[in-house]
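The next block holds one structure in the form of structure tokens; read it before the comments.
Since we're looking at a predicted model, the values are computed, not measured. Residue numbers run from 1 in the order of the sequence given.
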Amino acid sequence: SGFQPEDPDDIPPEERDVNKVDCEKSHCLRDPLIQEIYRRVSELLGIPPQNFESIEFLLYNRGQHYQPHLDDENWQEMPALSAGLR
């Protein structure tokens, strides 16, 4: 299926315990469904897909979880540049 456990260096398991697929490689980005998603989001938001983060597919099994967290550990130093609550 391609789903892999979240890398604990990216987000600690106490914050998010999940299996995921990052759609960053060309075989994923060229998929017609993915291209249509990007097209629709681009049209809806009025911004080009080059400004998007990559699509991430998440699979939560029983007992896995997601806790609200900040993507940037140093957000208090420069809150205007913070990625914000996720």
Side-chain angles (χ1 to χ4, degrees):
S1 69
F3 285 91
Q4 299 293 322
E6 177 85 67
D7 183 344
D9 291 333
D10 290 339
I11 298 178
E14 59 272 6
E15 290 180 10
R16 182 165 79 179
D17 178 22
V18 66
N19 298 317
K20 72 175 192 169
V21 172
D22 287 315
C23 185
E24 296 176 338
K25 297 199 165 120
S26 62
H27 71 275
C28 184
L29 293 170
R30 287 193 309 249
D31 184 278
L33 176 61
I34 300 301
Q35 289 183 350
E36 180 64 11
I37 291 169
Y38 274 108
R39 185 194 69 73
R40 290 182 183 194
V41 171
S42 177
E43 185 177 298
L44 178 69
L45 299 178
I47 58 175
Q50 299 90 319
N51 293 1
F52 299 172
E53 289 188 8
S54 62
I55 293 176
E56 184 175 85
F57 297 94
L58 304 177
L59 173 65
Y60 289 91
N61 292 308
R62 187 177 300 271
Q64 289 183 309
H65 63 274
Y66 175 91
Q67 297 294 327
H69 64 278
L70 296 171
D71 279 358
D72 185 356
E73 295 173 0
N74 302 316
W75 70 273
Q76 291 176 326
E77 293 173 19
M78 298 186 75
L81 302 178
S82 172
L85 187 62
R86 301 285 190 247

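- Take Glu56 and apply the side chain to side chain contact (heavy atoms under 4.5 Å, CB included) test, not counting sequence neighbours, and it matches Arg16, Lys20, Asp22, Leu58.
- Atoms CG and OH, on Asp17 and Tyr66 in that order, are 13.5 Å from each other to the nearest 0.5 Å.
- Taking the side chain to side chain contact (heavy atoms under 4.5 Å, CB included) definition, one finds that Arg30 meets it with Ser26, Gln35, sequence neighbours left out.
- Taking the side chain to side chain contact (heavy atoms under 4.5 Å, CB included) definition, one finds that Cys28 meets it with Cys23, Ile34, sequence neighbours left out.
- By the side chain to side chain contact (heavy atoms under 4.5 Å, CB included) test, Leu44 pairs with no residue at all, sequence neighbours left out.
- For Ser42, the side-chain hydrogen bond (donor to acceptor under 3.5 Å, both in side chains) test picks out no residue, with sequence neighbours left out.
- Between His65 and Pro13, the closest heavy-atom pair is NE2-O, 3.0 Å.
- Annotation: salt bridge (charged side-chain N to carboxylate O under 4.0 Å, His left out) contacts involving residues 34-48, sequence neighbours excluded, comprise Glu36-Arg39, Glu36-Arg40, Arg39-Glu43.
- Remark: Phe52 engages Tyr38 in a ring pair (Phe, Tyr, Trp, His ring centres under 6.0 Å) (not counting sequence neighbours).
- Sorted pairs that involve residues 12-32 and meet ring-ring contact (aromatic ring centres under 6.0 Å, His included), not counting sequence neighbours, are lacking altogether.
- Sorted by first and then second residue, the disulfide bond (SG atoms under 2.5 Å apart) pairs involving residues 33-64 (not counting sequence neighbours) form an empty list.
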